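For reference, the structure is listed below as structure tokens.
What you see is a predicted model; the values in this text were computed from it and never measured.
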Amino acid sequence: MNIMMQNRNKILEKVEKLIKMYNQGELGGEIMPEDANPHLKKESLENYLYFTLPMALNYQRNSYTLWESALKTFNDEETRFVFDPKFCLEKTFEEVQCALTKYKIALQKQKQTEIWLSLCNTFIELYNGDIRDLFNSLDNDVDKIRNFIQKENKKKFPYLSGTKICNYWLYVIYQYTDKKYKNIEKLTVAPDTHVVKATHRLGLITDDELSKSDVQLIVIDRWNELFKSTKYKPIDIHTALWLWSRNGFKEIK
């Protein structure tokens with residue numbers, strides 16, 4: 001942390017330039033993975049479910065391919081039912097598995113079908129299928145939502161409760177639905193591979209820290225620390241970092 005703090009102003013200067021490059025379209029990414037969606041009404045339950053269920057399968061795979069598969073699955077009348085928890089649980093395991101693998105939204109047909117059905121069961125059990133009630137029941141408070149999913153009910157939210165996926169899911173919900181959080185500044189970067197690599201490239205984490213098992217938590221802490229008493233929130237930098245890494249670390253000017 002001392003090394004990072006010694007170079008804080010230099011790093012912040014690079015971050016400002018990186019954000020400017022992103023805003024000017026110099027990092028690419030005019031189309032983000034989640035832009036592959038059916039453009040449902042932002043406030044609708046269908047929209048919330050569309051951006052929630054596939055997120056739990058977003059593990060060590062190409063995000064663009066995942067969301068393209070999700071859109072194909074939704075657009076096909078024979079497979080769309082998987083986005084309706086009630087309807088999904090009325091089907092046999094094999095029927096759900098067949099629908100999830102048709103367009104490869106599920107790559108691991110047994111495990112990922114189980115994950116999908118487990119989430120559907122949680123949504124029915126806790127919220128009668130309406131995932132929007134999760135946010136409302138927790139006052140739309142980022143810390144309360146994360147604590148509820150990642151600590152109090154971790155087993156009920158397989159993969160969605162992960163450090164990377166939970167943060168990114170909350171970010172996507174914020175971007176693509178009508179959800180407004182009470183404390184948006186508490187929404188951290190989602191430390192996937194690209195964000196971790198970009199954080200290292202900027203000098204926020206060391207070579208040793210890059211190889212640690214808890215590097216995702218370290219990355220979250222560093223960005224929270226860096227942006228203290230600044231005009232920035234961690235979510236302001238997430239997409240810029242992701243695109244910067246994905247496109248080969250274009251020189252910061």
Side-chain angles (χ1 to χ4, degrees), residues 4 8 11-12 15-16 18-20 22-23 27 29 32-35 37 42-43 47-56 58-59 63 66-67 119 127 131-154 156-157 159-199 202 204-205 214-246:
M4 188 272 279
R8 188 169 187 266
I11 294 173
L12 277 171
V15 166
E16 289 192 347
L18 198 60
I19 291 175
K20 185 177 180 181
Y22 165 63
N23 289 334
L27 299 178
M32 295 300 290
E34 299 79 18
D35 288 338
N37 70 78
K42 282 194 167 187
E43 70 277 10
N47 193 47
Y48 275 76
L49 289 168
Y50 181 85
F51 286 110
T52 297
L53 287 163
M55 191 63 71
N58 190 13
Y59 180 70
S63 294
L66 168 69
W67 289 102
L119 285 173
Y127 308 107
I131 186 67
R132 295 172 299 184
D133 289 347
L134 181 153
F135 302 96
N136 296 331
S137 66
L138 296 166
D139 305 319
N140 296 307
D141 184 305
V142 170
D143 283 337
K144 288 182 180 179
I145 295 166
R146 256 196 316 246
N147 187 66
F148 182 82
I149 292 175
Q150 294 185 310
K151 295 180 181 178
E152 296 176 9
N153 296 277
K154 187 175 178 65
K156 289 184 180 293
F157 295 89
Y159 280 78
L160 204 61
S161 59
T163 302
K164 179 199 82 172
I165 292 179
C166 186
N167 280 290
Y168 193 65
W169 170 60
L170 291 174
Y171 172 76
V172 167
I173 289 293
Y174 175 74
Q175 292 287 84
Y176 290 89
T177 74
D178 68 335
K179 181 53 57 190
K180 297 292 182 283
Y181 297 120
K182 181 179 290 184
N183 49 353
I184 189 65
E185 71 280 357
K186 294 298 181 92
L187 193 55
T188 72
V189 295
D192 70 355
T193 302
H194 286 304
V195 170
V196 170
K197 286 180 178 178
T199 302
L202 285 168
L204 249 65
I205 60 173
D214 62 344
V215 65
Q216 292 181 328
L217 296 176
I218 296 172
V219 167
I220 288 172
D221 287 342
R222 292 296 157 81
W223 283 107
N224 288 343
E225 186 67 25
L226 184 72
F227 283 158
K228 275 183 181 176
S229 303
T230 71
K231 63 181 179 181
Y232 297 112
K233 303 181 291 294
I235 60 163
D236 294 335
I237 192 63
H238 173 85
T239 304
L241 291 175
W242 194 86
L243 289 170
W244 188 44
S245 170
R246 189 175 187 275

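Within a 6.0 Å sphere centred on OH of Tyr232, heavy atoms belonging to other residues, nucleotides or ligands number more than 12. Within 6.0 Å of NZ in Lys186 there are 12 or fewer heavy atoms belonging to other residues, nucleotides or ligands. Annotation: Lys197, atom NZ; neighbour count of heavy atoms from other residues, nucleotides and ligands within 6.0 Å does not exceed 12.
Residues Arg146 and Asp143 have side chains in contact (heavy-atom distance under 4.5 Å, counting atoms from C-beta outward). In this structure the side chain of Tyr176 reaches within 4.5 angstrom of the side chain of Asn37, judged on heavy atoms. Residues Lys182 and Val142 are not in side-chain contact: their nearest non-hydrogen atoms beyond the backbone lie 4.5 Å or more apart. Between Leu243 and Met32 the shortest side-chain heavy-atom distance falls below 4.5 Å. Proximity of Ser137 to Phe148: side-chain heavy atoms (C-beta onward) are nowhere separated by under 4.5 Å. Asp133 is listed as a side-chain neighbour of Asn136, based on a closest heavy-atom distance under 4.5 Å. Leu119 places none of its side-chain heavy atoms less than 4.5 Å from the side chain of Thr52. The side-chain heavy atoms of Pro33 and Trp242, taken from C-beta on, include a pair separated by under 4.5 Å.
In plain terms, the two heavy atoms of Ile149 and Leu160 that are nearest each other are CG2-O, 4.2 Å. Among all heavy-atom pairs drawn from Ile131 and Leu49, the shortest one is CG2-CD2, 4.0 Å. Scanning all heavy atoms of the two residues, the minimum distance from Met55 to Ile165 falls at O-CG2, 3.5 Å. The two residues Gln175 and Lys42 come nearest to each other via the heavy atoms O-NZ, 4.0 Å. Taking each heavy atom of Phe227 and Thr230 in turn, the nearest pair found is O-OG1, 2.8 Å. Across all non-hydrogen atoms, the minimal contact from Gln150 to Gly162 is NE2-O, 3.4 Å.
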Quiz item: For Thr199 and Trp223, what are the C-alpha separation, side-chain angles and deciding distance, and is it a side-chain hydrogen bond (donor to acceptor under 3.5 Å, both in side chains)?
Solution: CA-CA 9 Å; Thr199 302; Trp223 283 107; 2.9 Å; yes
Quiz item: What's the verdict on salt bridge (charged side-chain N to carboxylate O under 4.0 Å, His left out) for Lys228 and Glu225, showing C-alpha distance, side-chain angles and the deciding distance?
Solution: CA-CA 5 Å; Lys228 275 183 181 176; Glu225 186 67 25; 3.3 Å; yes
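Judged purely by atom type and a 3.5 angstrom limit, Glu43 has no side-chain atom pairing as donor or acceptor with the backbone of Asp178. Between the side chain of Asn167 and the backbone N or O of Thr163 there is at least one donor-acceptor pair closer than 3.5 Å. Side chain of Asn183 to backbone of Glu185: no donor-acceptor contact under 3.5 angstrom is found.
The OG1 atom of Thr193 sits 8.0 Å away from the CD atom of Gln216 when rounded to the nearest 0.5 Å. Rounding to the nearest 0.5 Å places OG of Ser63 at 7.5 Å from NE2 of His194. Taking CD1 from Ile205 and CG from Asp221, the interatomic distance works out to 11.5 Å, rounded to the nearest 0.5 Å. Rounding to the nearest 0.5 angstrom, the gap separating the NZ atom in Lys164 from the OH atom in Tyr59 is 8.0 Å. Atom CG of Leu202 and atom CH2 of Trp244 lie 4.0 Å apart (nearest 0.5 Å). Rounding to the nearest 0.5 angstrom, the gap separating the CG atom in Leu12 from the CG atom in Leu226 is 4.0 Å.
Between the side chains of Asn140 and Lys180, no donor-acceptor pair is found at a separation under 3.5 Å. In summary, the side chains of Asn47 and Thr177 do not present any donor paired with an acceptor at a separation below 3.5 Å, with no hydrogens or angles considered.
Between Phe135 and Tyr181, the two ring planes are tilted [angle within 30° to 60°].
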Exercise answer: donor-acceptor pairs, residues 234-241 side-chain atoms, under 3.5 Å, sequence neighbours excluded:
unit_1	atom_1	unit_2	atom_2	d
Asp236	OD2	Lys233	N	2.8
His238	ND1	Ala190	N	3.3
Thr239	OG1	Tyr171	OH	2.5

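Within the 6.0 Å centre-distance limit, the rings of Trp67 and Phe51 are counted as a close aromatic pair.
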